[in-house]
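Single-structure report; data block below.
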Amino acid sequence: MSKPLQVKQIDTDVLIIGGGTAGCYAALTISRNSDASVLIAEKANIKRSGCLAAGVNAINAYIVKGRKPQDYVDYATKDAAGIVRNDLLLTAAEEFNNVTADMESLGLVILKDENGDYVARGNRNIKINGENFKPLLADAVYKSKNVDVLNYVNITDLLTENGSVYGAVGFSIMEETAYVIHAKAVLISTGGAAGIYKPNNPGFSRHKMWYPPFNTGAGYAMGIRSGAEMTTFEMRFIALRCKDTIAPTGTIAQGVQAKQVNSKGEVYEHIYGLTTSQRVYGTVRENQLGHGPCYLQTSGITSEQDRDLLKAYLNMAPSQTLKWIESGKMPSEQDVEIQGTEPYIVGGHTASGFWVDTKRETTIHGLYAAGDVAGGCPQKYVTGALAEGKIASFAIIEQLKSDSDETTSTIEKQAQVILKDYEKIRSTQNGLFTIDDLEEAMQKVMDEYAGGIASNYQFNEKQLKLAEEKIARLSELTEQIGAEDMHELLFAYELKERLLVCQVLIEHLKNRKETRWHSFNENLDHPETDEKFEKYVNSRMEDGKLHILFRDLVKGDTYEHTNSERPLYRLRKMSGSMSRHPHSDHR
């Protein structure tokens with residue numbers, strides 16, 4: 001029998017959950033512009049956590065010379081077939097270059113030409129040496145005034161009442177300690193969700209994936225449980241990657257202008273289209289037709305380009321460089337085989353995540369979202385995460401000027417219930433199934449019935465119904481799992497988070513009865529695009545039940561939350577019919 005957890009209470013003005021790119025930059029911004037106290041809670045260590053843990057070799061969202069922010073909005077809108085928030089895209093794009101210059105001032109190496117201008121890589125990208133991107137950002141955070149960091153602390157639940165947030169509860173993964181944190185404002189920047197589908201590489205190598213395996217949808221899950229509105233989960237993201245290493249293909253495609261070719265050497269990308277989803281779909285389709293394997297055609301590039309590619313991958317995916325070296329053949333001597341990854345839910349590449357206003361506030365007052373966890377603003381990449389952290393920070397600073405910091409007995413009772421859940425898992429012996437067993441079963445269900453690699457990312461309504469039933473059963477079985485130590489307690493909660501994300505995803509996939517993005521949502525019962533679904537598919541959990549609503553597109557206007565949407569608005573359960581939510585407001 002383990003000893004009861006030691007409980008520590010912390011009071012702060014601002015709690016930032018997740019110390020990745022968006023979270024660290026938000027803390028830095030608040031520190032620079034106010035005297036507010038800030039606490040970052042990070043389940044790893046902010047020096048090497050989040051999507052930039054291993055570095056990055058390009059800034060993929062930048063307004064290069066001759067371009068303007070609206071051009072970026074137009075590009076991202078087209079790539080997502082219109083299901084975006086133009087207001088969010090524009091406010092982010094207007095900050096891309098500012099946050100890039102700031103990172104350079106912190107020590108980030110950005111490549112420049114003989115004129116001192118940044119070296120562009122395509123219409124929206126610039127080259128960097130970004131292996132140390134995250135350490136630079138972490139160092140700046142540690143030097144900031146009024147910022148504290150709780151590394152190795154996993155936040156599981158928000159404390160909310162009457163549509164407002166008052167803090168959160170979590171636990172250390174290193175010590176037998178739980179934390180009850182009271183805050184006037186909370187920013188979620190935990191990243192998206194990986195590991196919900198069976199990955200490319202099974203067994204020992206299952207964590208060799210495109211998106212960080214430690215991003216489990218924790219932020220989504222705590223928001224869903226608290227009744228925050230979510231958007232566009234059905235726009236899954238499937239990355240086109242170098243086979244086996246799962247290294248990025250954009251470095252090759254844009255770096256040396258490599259085309260996608262099939263086993264016959266035929267260029268096929270123009271047949272299917274050049275949007276992100278179409279590039280994946282074309283590769284899948286060529287393999288289905290027996291024309292695989294598919295490649296990026298690098299054979300014939302120069303020896304200088306060889307060296308550039310080898311160096312570029314050292315900043316982000318050194319396994320690809322090692323693969324070339326071990327094979328004894330440089331890229332110029334062999335094409336690079338490509339494949340799609342398993343699907344992810346990630347708001348930095350697609351529009352999945354929290355439904356937010358232009359200040360990045362969610363439908364829960366005082367709760368903000370930035371980076372991959374914030375919806376509506378795809379193709380934001382690194383600079384978009386920085387920009388959203390900055391935007392949310394200034395909104396938080398303004399909020400702190402007017403809000404009180406009172407907590408209630410209801411909040412304290414919520415915290416006690418959460419702490420009891422920790423103790424329950426810690427005192428439980430594993431039942432018939434371990435955490436790993438249930439995670440593997442979840443991935444198998446999602447892979448086979450909800451459009452994973454095994455089904456070429458395709459699904460139909462009968463399969464989704466089966467997936468829904470099986471995931472619900474697995475969720476019930478999580479009540480029987482136990483944890484021998486704090487690290488296993490973390491794994492238990494990561495499993496619960498993923499299963500909840502699965503449930504929400506399935507419901508979203510069921511309700512977009514069309515195929516708007518090939519592969520991303522390949523609905524075999526509804527294989528065409530339907531203009532009736534030029535809507536946002538949103539959801540909100542209430543009393544343990546998930547409700548779907550459809551919102552009209554925000555195009556040239558700006559969306560802000562209305563008072564009628566808070567604190568608790570009622571939603572009608574949708575059953576396939578299109579209906580505008582009575583509180584939709586597009587100003």
Side-chain angles (χ1 to χ4, degrees), residues 192-200 202 206 209 211 213 216-217 220-221 224-225 230-238 277 280-281 284 340-346 350 352-353 433 435-481 494-527 533 537-541 544-548 573-576:
I196 57 178
Y197 283 85
K198 185 186 291 185
N200 293 96
R206 67 187 184 277
M209 56 175 61
Y211 198 61
T216 61
Y220 296 146
I224 292 163
R225 286 194 297 268
M230 297 288 162
T231 189
T232 324
F233 270 46
E234 75 282 3
M235 190 194 292
R236 308 177 301 171
F237 184 71
I238 300 157
S277 62
V280 175
Y281 174 69
V284 171
T341 63
E342 75 275 23
Y344 306 93
I345 308 302
V346 48
T350 56
S352 313
F433 305 103
I435 295 169
D436 281 348
D437 291 336
L438 295 179
E439 181 178 291
E440 188 175 331
M442 171 194 68
Q443 292 178 345
K444 179 178 172 63
V445 168
M446 296 300 290
D447 186 52
E448 295 181 0
Y449 298 108
I453 295 170
S455 60
N456 293 306
Y457 311 118
Q458 300 168 332
F459 55 85
N460 59 37
E461 292 187 354
K462 177 62 176 178
Q463 289 173 322
L464 291 178
K465 180 65 176 174
L466 288 169
E468 183 179 39
E469 294 171 358
K470 293 174 185 294
I471 292 297
R473 175 57 181 149
L474 291 173
S475 298
E476 293 172 1
L477 290 174
T478 61
E479 297 303 313
Q480 301 175 20
I481 58 176
E494 289 181 333
L495 173 62
K496 289 172 178 283
E497 291 154 5
R498 286 180 164 125
L499 284 166
L500 182 54
V501 171
C502 287
Q503 290 176 296
V504 176
L505 169 59
I506 291 166
E507 195 67 24
H508 276 249
L509 290 172
K510 284 168 53 183
N511 278 274
R512 183 171 289 282
K513 297 180 184 296
E514 63 166 354
T515 294
R516 182 161 292 266
W517 314 280
H518 282 297
S519 293
F520 286 15
N521 91 307
E522 191 80 27
N523 190 327
L524 295 177
D525 287 333
H526 306 280
F533 283 88
V537 178
N538 287 11
S539 62
R540 181 175 177 271
M541 184 168 281
K545 294 183 179 179
L546 194 69
H547 301 268
I548 293 291
K573 177 71 176 178
M574 300 296 177
S575 56

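Side chains are part of it too, since the values below use all heavy atoms of this structure and drop only hydrogens, waters and symmetry mates.
- A donor-acceptor pair shorter than 3.5 Å can be found between the side chains of T231 and N538.
- The CG atom of N460 sits 13.5 Å away from the NZ atom of K465 when rounded to the nearest 0.5 Å.
- The CE atom of M442 sits 7.5 Å away from atom CD1 of I196, with the distance rounded to the nearest 0.5 Å.
- Summarising the geometry of S539 relative to I548, their closest heavy-atom pair is CB-CD1, 3.7 Å, with the distance given to 0.1 Å.
- The two atoms that bring I345 and R236 nearest to each other are CD1-CG, 4.1 Å, heavy atoms only.
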* Residue pair M209, Y344: steps toward the side-chain contact (heavy atoms from CB on, under 4.5 Å) verdict -> CA-CA 10 Å; M209 56 175 61; Y344 306 93; 3.5 Å; yes
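- A donor-acceptor pair under 3.5 Å links the side-chain atoms of Y211 to the main chain of G192, judged by distance alone.
- A distance of 4.5 Å separates CD1 in I481 from CD1 in I435, rounded to the nearest 0.5 Å.
- Remark: the backbone N or O of M235 is paired with a side-chain donor or acceptor of S352 at under 3.5 angstrom.
- The ring-ring contact (aromatic ring centres under 6.0 Å, His included) pairs that include a residue from residues 503-522 are F233-H508, F237-F520, Y281-H518, where partners are two or more places apart or lie in different chains.
- Looking at E479 and K496, their side chains come closer than 4.5 Å, going by heavy atoms from C-beta outward.
- Of all the heavy atoms in T341 and N200, the pair that sits closest is CA-OD1, 3.1 Å.
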Can I get a per-line list of side-chain donor-acceptor pairs under 3.5 Å for residues 497-505, giving both atom names and the distance, sequence neighbours left out?
residue: E497; atom: OE1; partner: T216; partner atom: OG1; Å: 2.6
residue: R498; atom: NE; partner: A194; partner atom: O; Å: 2.8
residue: R498; atom: NH1; partner: E439; partner atom: OE1; Å: 3.3
residue: R498; atom: NH2; partner: A194; partner atom: O; Å: 3.3
residue: R498; atom: NH2; partner: P213; partner atom: O; Å: 2.7

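- Atom OG1 of T515 and atom CG of L524 lie 7.0 Å apart (nearest 0.5 Å).
- With respect to K198, the side-chain contact (heavy atoms from CB on, under 4.5 Å) criterion is satisfied by exactly one of Q443, E342, E440: Q443.
- One distance of note links CD1 of I224 with CG of L546; it measures 7.5 Å at 0.5 Å rounding.
- Taking all atoms of both residues into account, the shortest heavy-atom contact from D447 to Y197 is N-CD2, 3.9 Å.
- Sorted by first and then second residue, the ring-ring contact (aromatic ring centres under 6.0 Å, His included) pairs with a member in residues 435-476 form an empty list; sequence neighbours excluded.
- Nearest heavy atom pair, residue I238 against residue P343, reads CG1-CA, 3.9 Å.
- In this view, K510 and E468, E507 satisfy the salt bridge (Lys or Arg N to Asp or Glu O under 4.0 Å) rule, not counting sequence neighbours.
- Listed by first and then second residue, the salt bridge (Lys or Arg N to Asp or Glu O under 4.0 Å) pairs involving residues 515-525 are E514-R516 (not counting sequence neighbours).
- Atom CG of residue L438 and atom CD of residue E476 lie 12.0 Å apart, to the nearest 0.5 angstrom.
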* Would Q458 and V284 satisfy side-chain contact (heavy atoms from CB on, under 4.5 Å), going step by step from the backbone distance to the final call? -> CA-CA 11 Å; Q458 300 168 332; V284 171; over 6 Å; no
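- Screening residues 448-461 for salt bridge (Lys or Arg N to Asp or Glu O under 4.0 Å) gives K444-E448, E461-K513 as the qualifying pairs, with residues at least two apart or on separate chains.
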